[in-house]
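Quick notes on the structure that follows.
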Protein chains: 2
Amino acid sequence: MILSKTCNYAIRALLYVATRKSDNFVPVREISQKLDLSFHFLSKIHLILIQHHLTTSSRGVKGGVSLARPAEDITIYDIIEAVDGNAMFQNCVLGLENCSDDHPCPLHHSWSEYRLNLKKIFQEVTLADLAEKINNEQVRLSNITEILD
Amino acid sequence: MILSKTCNYAIRALLYVATRKSDNFVPVREISQKLDLSFHFLSKIHLILIQHHLTTSSRGVKGGVSLARPAEDITIYDIIEAVDGNAMFQNCVLGLENCSDDHPCPLHHSWSEYRLNLKKIFQEVTLADLAEKINNEQVRLSNITEILD
DNA sequence: GTAATTAAAGATAAAAGAGTCTTAAATCAA
DNA sequence: TTGATTTAAGACTCTTTTATCTTTAATTAC
Ligand code: SF4
Ligand code: SF4
């Protein structure tokens with residue numbers, strides 16, 4: 001898989017929050033139940049997201065997490081970078097070193113172009129874009145049938 | 001990383017064998033020394049490659065491994081498929097299910113195109129292509145400086 | 001202030017990936 | 001045939017990732 005499970009869950013969780021589109025905080029417990037993911041594991045993932053300023057949180061009654069900025073301003077790339085880092089968008093696909101545009105191997109040209117393209121794909125899609133599709137039921141967030149009710 | 005370490009090592013090992021271009025078997029020990037990789041770990045990786053008919057092997061004095069077909073006929077994709085499988089070229093990047101061309105989410109179009117493209121990149125480059133570049137010293141197989149002597 | 005609620009933090013555990021080690025089997029050379 | 005060499009096979013260990021559990025701290029409602 002291109003993305004780690006942690007990253008997958010992070011994206012799904014934020015998508016869920018984005019579809020709720022209330023200004024209130026969304027409890028992690030609610031997210032974990034709707035997405036059928038481990039509550040504690042999700043909590044940990046949210047710490048990462050908070051540290052990277054993708055979300056804010058509040059404790060106590062009525063607490064939970066919420067997006068730090070409008071869903072329109074959070075790209076999938078932002079989430080991937082926060083969780084998995086950006087090595088994927090920079091490293092040689094074969095794990096080789098000492099390669100450059102000056103001394104390209106047969107893979108270099110296509111790979112460097114591809115790598116850039118991958119980044120662009122993720123940067124071009126925001127949480128808002130995906131959330132809209134989810135609300136239109138053209139895509140779903142979890143493998144269980146009942147998800148958003 | 002896109003590819004597993006095991007897969008990286010497998011590619012490097014086969015590239016080394018390809019650059020040797022002798023009809024003799026190449027001992028795994030030699031490969032591991034030249035590439036500065038664990039002998040036993042490489043041995044294990046070679047079992048996979050042999051099982052997938054990418055290499056053949058011979059025990060005993062003069063034994064070792066060799067490519068099962070000409071280097072021109074082994075693509076990087078063949079190696080990746082053998083070691084890491086092909087999930088990467090088929091699965092949804094977000095780990096979601098129940099998606100199709102009929103109900104695409106905003107990522108779907110670019111991703112499915114990208115996924116196909118990735119496969120193509122790997123399928124278009126053979127061991128022979130890369131081995132030639134290595135022999136021309138335009139790329140190297142290991143991070144240690146002395147490698148092919 | 002008290003109780004209920006919820007995230008924060010960190011210890012622990014299970015699973016997967018990466019790497020090591022030992023023994024067995026095959027092959028070759030003398 | 002014997003000994004050296006080299007892969008085959010499998011047990012084992014270490015590390016990282018994934019997941020669980022427990023305790024603490026903050027917030028709200030009353
Ligand atoms: S030239 Fe590009 S693809 Fe080839 S080894 Fe270097 S970074 Fe990787
Ligand atoms: S439509 Fe494509 S990108 Fe979107 S969830 Fe489905 S497979 Fe993934």
Side-chain angles (χ1 to χ4, degrees), chain A residues 1-14 17 20 22-68 80 82-85 87-88 95, chain B residues 1-14 17 20 24-68 80 82-85 87-88 95:
Chain A
M1 294 294 274
I2 302 275
L3 306 180
S4 70
K5 273 192 165 191
T6 303
C7 191
N8 256 310
Y9 295 169
I11 294 171
R12 288 191 199 177
L14 292 191
V17 174
R20 287 278 269 82
S22 70
D23 285 341
N24 303 329
F25 289 105
V26 182
V28 174
R29 176 130 263 143
E30 177 184 332
I31 304 173
S32 74
Q33 282 168 352
K34 298 295 177 142
L35 265 54
D36 196 28
L37 301 177
S38 149
F39 163 71
H40 288 104
F41 191 40
L42 253 194
S43 295
K44 264 187 140 170
I45 294 173
H46 275 289
L47 295 187
I48 300 171
L49 298 175
I50 288 162
Q51 278 160 14
H52 284 82
H53 308 295
L54 290 173
T55 53
T56 54
S57 67
S58 171
R59 295 177 177 181
V61 183
K62 295 228 160 198
V65 296
S66 78
L67 302 180
I80 295 172
V83 178
D84 282 350
M88 168 168 56
Chain B
M1 295 297 273
I2 303 274
L3 306 180
S4 70
K5 274 190 165 192
T6 301
C7 190
N8 256 308
Y9 295 169
I11 294 172
R12 289 192 198 176
L14 292 191
V17 174
R20 287 280 266 80
N24 301 329
F25 289 105
V26 182
V28 175
R29 176 131 264 144
E30 175 184 333
I31 304 175
S32 74
Q33 282 167 352
K34 299 294 177 143
L35 266 53
D36 196 26
L37 300 177
S38 149
F39 164 71
H40 287 104
F41 191 38
L42 252 194
S43 294
K44 260 185 142 173
I45 294 173
H46 275 288
L47 295 187
I48 300 171
L49 298 175
I50 288 162
Q51 278 160 17
H52 284 83
H53 307 295
L54 291 172
T55 53
T56 54
S57 66
S58 170
R59 296 178 178 182
V61 183
K62 295 238 165 193
V65 297
S66 76
L67 302 181
I80 295 172
V83 178
D84 282 350
M88 169 169 52

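Source: prediction; values computed, not measured. Residue numbering restarts at 1 for every chain, and letters A, B, ... go by the order of the sequence lines.
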Counterpart residues, side chain to side chain contact (heavy atoms under 4.5 Å, CB included), relative to B:I2 (two or more places apart):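 For B:I2 the side chain to side chain contact (heavy atoms under 4.5 Å, CB included) partners, ignoring immediate neighbours, are A:I2, A:M88, A:W111, B:M88.
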Which whole-number value in Å describes the distance from [X] [atom1] to [N] [atom2]?
X	N	atom1	atom2	value
B:I2	C:dG17	CD1	C1'	18 Å
A:L37	D:dT17	CG	P	19 Å
B:I45	D:dA9	CD1	P	16 Å
B:D36	C:dA18	CG	C1'	16 Å
A:M1	C:dG17	CE	P	12 Å
A:Y9	D:dT17	OH	P	15 Å
A:K5	C:dA15	NZ	P	12 Å
B:F41	D:dA11	CZ	P	18 Å

Residues in side-chain hydrogen bond (donor to acceptor under 3.5 Å, both in side chains) contact with A:T56, at least two apart in sequence or another chain: A:S66
Candidates D:dT18, D:dA29, C:dC28 - which lies nearest the side chain of A:S4: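 Nearest to the side chain of A:S4 among the choices is D:dT18.
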Minimum-distance nucleotide to B:V28 side chain [options: D:dT7, C:dA8, D:dT27]: D:dT7
Using atom names, set out every protein N or O paired with an N or O of nucleotides 9-14 of chain C below 3.5 Å, distance rounded to 0.1 Å.
residue: C:dA11; atom: N6; partner: A:K44; partner atom: NZ; Å: 3.4

Non-hydrogen side-chain atoms of B:Y9 and B:L35 separated by less than 4.5 Å: no
Closest-nucleotide ordering on DNA chain D, the 5'-leading residue of A:T6 and B:R29: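 It is B:R29, whose closest nucleotide lies nearer the 5' terminus.
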5' priority, DNA chain D, between A:L42 and B:F39 [closest heavy atom]: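 Comparing both residues, the 5'-ward one is B:F39.
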Contacts of B:F39 that satisfy ring-ring contact (aromatic ring centres under 6.0 Å, His included) - sequence neighbours left out: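 Partners of B:F39 under the ring-ring contact (aromatic ring centres under 6.0 Å, His included) test: none.
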Non-neighbouring partners of B:F25 that pass ring-ring contact (aromatic ring centres under 6.0 Å, His included), sequence neighbours left out: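 Partners of B:F25 under the ring-ring contact (aromatic ring centres under 6.0 Å, His included) test: none.
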Any pair counted as ring-ring contact (aromatic ring centres under 6.0 Å, His included), so long as it reaches residues 42-64 of chain B, sequence neighbours left out: none
Phosphate OP1/OP2 of C:dA7 contacted by A:S57 side-chain N/O (<4.0 Å): no
Step-by-step side-chain contact (heavy atoms from CB on, under 4.5 Å) determination, A:L49 to A:L14: CA-CA 9 Å; A:L49 298 175; A:L14 292 191; 3.8 Å; yes
